[in-house]
There are 2 protein chains.
Amino acid sequence: MSMAKACIDVQCPIQFVVDLLGNKWSILLLRELFGGDRRTHELLAALPGVSTKTLTQRLRELEAHGLVERRVYAEVPPRVEYSLTPKGQQLQPVMAALHQVGSQWLAQDPCFCVLNTPPWLIER
Amino acid sequence: MSMAKACIDVQCPIQFVVDLLGNKWSILLLRELFGGDRRTHELLAALPGVSTKTLTQRLRELEAHGLVERRVYAEVPPRVEYSLTPKGQQLQPVMAALHQVGSQWLAQDPCFCVLNTPPWLIER
DNA sequence: CCGGATCCAAGAGGATACTG
DNA sequence: CAGTATCCTCTTGGATCCGG
């Protein structure tokens, strides 16, 4: 989202947050940081499928918006740790609500994928 | 998200919801339906920038997942109304949390876009 | 009025290789 | 170990046209 878009178009608070976090990895990244400080390779491991490029991009965005803090230690080999800022922690109710609904839906969903489809119904 | 992905990869409830609703329009669409039943052209008007194709796609997905109901009236000209199902209404806490955080952030953010940038700082 | 079909542009994001 | 740069693929989604 461009800053301009945020200011001109967005009057709705919900849209504001969605524009900020409505991409493939941001929420999952934050979820991970709610579990505590994380080093880069820990985040890479926790988010299967993410590339280093994308991870860094997301982290930089979140940092720019003040949700995440990046600490660099002058060591060899390099060590970098990411953590939630107080502003980032304001997302806690959102994460809790998402977790709550997600749990309900996972439990109650019939799930029509092949894993739950009887063999005689699978087309070949 | 493919159904297979939902069943195989997703153990995390948060990821489950994000996979479902983490695209450009779903949340905003649902936000609109939380305001009451809506006809197609009302949704188009409420979501500036959305195309008929994309709107229909999102609605079909939400319908397929049981979050939205589609009612067709046998009239000329045609009338179609969309509404939240009980399952869709389970998202209420999420919407409330998003609204809450979004409001805070909108209020406290300095907003660095051009609208708030003094003229002498704008590059030409 | 509703929405399907087609075409197409833009961008997100993955794989890989490389640097400090 | 952390991050950048390049290349490239694929998805998302907008514009337009058409049909019921």
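Naming: A, B, ... by sequence-line order, numbering from 1 per chain.
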**Prompt:** Any donor and acceptor pair, going by atom type alone, linking the side chain of B:Thr85 with main-chain N or O of B:Gly66 inside 3.5 Å?
**Reply:** yes

Side-chain contact check for A:His41: nearest option of C:dG3, D:dG3, D:dA2 is D:dA2

Closest to the 5' end of DNA chain C, once B:Arg39 and B:Thr56 are matched to their nearest nucleotides, is B:Arg39

note: B:Arg58, atom CZ; D:dG13, atom C1'; distance rounded to Å ~ 8 Å

* Asked: Is it true that B:Arg38 and B:Glu42 make a salt bridge, defined as a side-chain N closer than 4.0 Å to a carboxylate O?
  -> no

note: B:Leu47, atom CG; D:dT12, atom C1'; distance rounded to Å ~ 16 Å

B:Arg60 atom CZ is separated from D:dG13 atom C1', nearest whole Å, by 16 Å

Phosphate OP1/OP2 of C:dC2: any B:Arg70 side-chain N/O under 4.0 Å:
no

Q.
Base, sugar-phosphate or nothing for B:Tyr73? Non-hydrogen atoms, less than 4.0 Å.
A. nothing

Is a side-chain donor or acceptor of B:Lys87 paired with a backbone partner of B:His65 at a separation under 3.5 angstrom? yes

Could you tell me whether B:Thr40 contacts a base, only the sugar-phosphate backbone, or nothing, with contacts defined as non-hydrogen atoms closer than 4.0 Å?
-> sugar-phosphate

Between CD of A:Glu75 and C1' of D:dA2 the distance, given in whole Å, is 13 Å

Heavy-atom nearest pair, B:Phe34 first then B:Leu91, reads CZ-C, 4.0 Å

Residue pair B:Pro78/A:Leu59 against DNA chain D: nearer the 5' end by closest nucleotide is A:Leu59

Item to check | Below 4.0 Å: OP1/OP2 of C:dC2 and any side-chain N or O of B:Tyr82 | outcome: no

Minimal heavy-atom distance between B:Val101 and A:Val17, with the atoms involved, is C-CG2, 4.4 Å

Check: Do B:Val72 and B:Leu59 share a hydrophobic cluster, counting only Ile, Leu, Val, Met, Phe, Trp and Tyr and linking them when any side-chain heavy atoms are less than 4.5 Å apart?
Finding: yes

Report task. Measure the shortest side-chain to side-chain distance between B:Leu67 and B:Glu61 over non-hydrogen atoms and say whether it is less than 4.5 angstrom. Result -> no

Would you say A:Thr54 places a side-chain N or O within less than 4.0 Å of OP1 or OP2 belonging to C:dG13? no

Rounded to the nearest 0.5 Å, the CD atom of A:Gln89 sits from the OG atom of A:Ser83 at a distance of 8.5 Å

Judged by nearest nucleotide, the residue sitting upstream toward the 5' end of DNA chain C, B:Glu42 or B:Lys53, is B:Glu42

Between CG of A:Asn23 and C1' of C:dG13 the distance, given in whole Å, is 11 Å

Taken to the nearest whole Å, CG/A:Leu44 to P/D:dA2 is 8 Å

Per nearest nucleotide of DNA chain D, the residue lying toward the 5' end, A:Thr52 or B:Trp25, is A:Thr52

From CD of A:Gln57 across to P of D:dA5 the rounded distance in Å is 11 Å

message: Using a heavy-atom cut-off of 4.0 Å across all strands, would you classify B:Lys24 as base, sugar-phosphate, or nothing?
response: sugar-phosphate

Rounded to whole Å, the CG-P distance (A:Leu55 to C:dA12) equals 16 Å

Axis-to-axis angle across the helix from C:dC1-D:dG20 to C:dG20-D:dC1, five pairs each end, nearest 10 degrees, ~ 40°

